[in-house]
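Working notes, structure below.
Quick caveat: nothing in here was measured; it's all calculated off a predicted structure. Each residue takes its place number in the sequence, starting with 1.
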Amino acid sequence: MEQKQGIDKWILIVSVILLCIGFIAVTSASIMESTIKYGDAWYQAKKHGMSIGMSLVCGLICLSIRSSFWKNRSIIALFVVSLMLVAVLAIGREINGAKRWLSLGIMNVQPAEFLKLFWILYFGGYVSKRILSISTTYLGFFKPFAFLFVILCLLMSQPDFGSFVVISVITMAIIWVAGAGFLKFLSVFIPLGFAGIFAIAMSAYRMRRISTFRDPWADPFGSGYQLIQSLMAFGRGGLKGEGLGNSMLKQGYLPEAHTDFITSIIGEEFGFIGMCVLILLELFIIYKALAIGIRILKVDAIFQGYVCVGIGAWFLLQTLINITAASGGMPTKGLTLPLISYGGSSLMVTCSAIAILLRIDYEWRNNIIKDRRDE
């Protein structure tokens, strides 16, 4: 009897390393703010540690569930998250001018983070079940986009332009690998592109971010302040960095140092070499997700293949946006760095996504999933 292969230990090891790097970086970056706001230097570090613990539990649960479970049940989860998005608009907690969080007492939940994973599971299942209809008829192709339009409207009402972009790109990636055809791809890409441009043009706040990105020194103590401080952090880091705990910019100079701009502190304390290591670790997870998905889809248009591609596209986009925004390569956007950034909702969802990826890879290598009739 052939012995079963275990889960991919390298995906697991790299994910744990990233979680550890994130915990160390968040602890270092949050000491000053935690001391001033809460009178406890380790307050946010302890919260982040609790979030990691809850995320690992979520990951273990997802790892124990057969991947085919999600194919026909993800629509339920997606519907629940959609209701949560509606609830956010009514009773959500507002932070920095945006209503994106639901308060559950012990923690704030950001439904948009859960939406990313559940949309991948739903849309991957839809495409795998209707691949012929999608590739041959416009009606079959456009059906899921009515639901997507409602979801994107809810996101923009918060407003959450970052999640709007992520969900749109995930959808494009899955459509592309499904081979829906170039014209169909453009028929979705162009309207979404125009919608994004319109959303930027109609918002003074977003237009200010564009102008700040182009010339942060035009308003060094206003809209350009955060980006300038972030660039100074990378500049101080140099090749080898200032050393763990030796960041100057985290001493109240760089706003959101332990959240959106955690990479700036990593760059300052660990330098160019440290950032290269971090990027390579993130790219390893992204490569594995895309490689597993493509390997499966080469055999058949199986749900699990589209899910892996969606997870890879999601992690790639958020890694790209987080790091390039912090380093001045694009306008600043509040998107987390997978497995690194502070935030319970983001950590729980990314750990769950990694667990689903591990489960799919395990099932594929052990011939538990073979074709679309495996359910």
Side-chain angles (χ1 to χ4, degrees), residues 8 10-15 17-19 21-22 59 112-124 127 148 155 160-179 185 188-189 192-193 196 260-263 266-267 275-298 304-341 343 345-358 360-361:
D8 190 320
W10 286 111
I11 296 178
L12 183 61
I13 290 170
V14 171
S15 298
I17 290 173
L18 285 169
L19 284 172
I21 291 173
E113 291 294 334
F114 294 91
L115 173 65
K116 296 168 188 174
L117 178 57
F118 291 138
W119 176 255
I120 290 171
L121 295 171
Y122 164 74
F123 195 61
V127 171
L148 177 63
L155 288 174
D160 190 349
F161 186 66
S163 294
F164 172 97
V165 172
V166 171
I167 297 293
S168 299
V169 171
I170 288 170
T171 305
M172 295 296 100
I174 294 175
I175 288 173
W176 184 259
V177 298
F185 181 85
V188 175
F189 179 80
L192 286 176
D260 298 346
F261 283 81
I262 189 66
T263 48
I266 294 174
M275 283 300 300
C276 285
V277 171
L278 176 64
I279 291 170
L280 287 173
L281 291 172
E282 292 280 5
L283 286 177
F284 176 81
I285 299 293
I286 294 164
Y287 165 76
K288 292 294 285 187
L290 294 175
I292 293 167
I294 292 170
R295 186 167 67 241
I296 294 173
L297 291 173
K298 279 183 177 179
Q304 288 86 348
Y306 294 118
V307 169
C308 291
V309 169
I311 291 173
W314 165 26
F315 279 35
L316 174 61
L317 183 66
Q318 291 214 179
T319 299
L320 178 68
I321 291 177
N322 182 279
I323 294 175
T324 54
S327 57
M330 65 182 300
T332 56
K333 196 78 226 61
L335 287 174
T336 59
L337 184 63
L339 300 172
I340 296 291
S341 297
S345 296
S346 174
L347 276 176
M348 283 191 283
V349 172
T350 51
C351 284
S352 298
I354 293 292
I356 292 172
L357 180 66
L358 284 168
I360 290 173
D361 178 62

Nearest non-hydrogen partners of [X] and [Y], listed with the distance:
X      : Y      : value
Met275 : Gly267 : CG-CA, 3.7 Å
Ile120 : Val307 : CG2-O, 3.6 Å
Ile285 : Ile11  : CD1-O, 3.8 Å
Thr319 : Pro338 : OG1-CD, 3.6 Å
Ala326 : Phe261 : CA-CE2, 3.9 Å
Val166 : Leu317 : CA-CD2, 3.5 Å

- request: Under the ring pair (Phe, Tyr, Trp, His ring centres under 6.0 Å) rule, collect the residues that match up with Trp176, sequence neighbours excluded.
  value: Phe185
Please output the side-chain donor-acceptor pairs of residues 167-174 that fall under 3.5 Å, not counting sequence neighbours, one pair per line with the distance.
unit_1: Ser168; atom_1: OG; unit_2: Phe164; atom_2: O; d: 2.8
unit_1: Thr171; atom_1: OG1; unit_2: Trp119; atom_2: NE1; d: 2.9
unit_1: Thr171; atom_1: OG1; unit_2: Ile167; atom_2: O; d: 2.8

Spacing of [X] atom [atom1] and [Y] atom [atom2] [to the nearest 0.5 Å]:
X      : Y      : atom1 : atom2 : answer
Ser163 : Glu113 : OG    : CD    : 6.0 Å
Ile323 : Ile279 : CD1   : CD1   : 4.0 Å
Cys276 : Leu283 : SG    : CG    : 10.5 Å
Leu297 : Gln304 : CG    : CD    : 10.0 Å
Ser15  : Leu281 : OG    : CG    : 9.5 Å
Leu115 : Phe118 : CG    : CZ    : 9.5 Å

message: Before you tell me yes or no, could you show the steps for Met348 and Phe114 under side chain to side chain contact (heavy atoms under 4.5 Å, CB included), namely the whole-Å CA-CA distance, both residues' side-chain angles and the distance that decides it to 0.1 Å?
response: CA-CA 9 Å; Met348 283 191 283; Phe114 294 91; 4.1 Å; yes
Is any side-chain heavy atom of [X] less than 4.5 Å from a side-chain heavy atom of [Y]?
X      : Y      : result
Leu148 : Phe123 : no
Ile311 : Leu290 : no
Leu19  : Cys351 : yes
Ile286 : Leu320 : no

message: With side chain to side chain contact (heavy atoms under 4.5 Å, CB included) as the criterion, how do Val177 and Ile294 come out once you've worked through the C-alpha distance, each side chain's angles and the decisive distance to 0.1 Å?
response: CA-CA 8 Å; Val177 298; Ile294 292 170; 5.7 Å; no
message: Leu357 vs Asp8, test: side chain to side chain contact (heavy atoms under 4.5 Å, CB included). Steps then yes/no.
response: CA-CA 10 Å; Leu357 180 66; Asp8 190 320; over 6 Å; no
field: Among Ile354, Thr350, Leu278, side-chain contact (heavy atoms from CB on, under 4.5 Å) partner for Leu18
entry: Leu278
task: Check the pair Leu117, Trp314 against side chain to side chain contact (heavy atoms under 4.5 Å, CB included), reporting the backbone distance first and the verdict last.
output: CA-CA 9 Å; Leu117 178 57; Trp314 165 26; 4.2 Å; yes
task: Indicate yes or no for a side-chain donor-acceptor contact from Gln318 to the backbone of Thr336 under 3.5 Å, with no hydrogens or angles considered.
output: yes
message: Has Ser327 got a side-chain atom pairing as donor or acceptor with Thr324's backbone, closer than 3.5 angstrom?
response: yes
message: If the condition is side-chain hydrogen bond (donor to acceptor under 3.5 Å, both in side chains), which residues does Ser341 pass it with, not counting sequence neighbours?
response: none
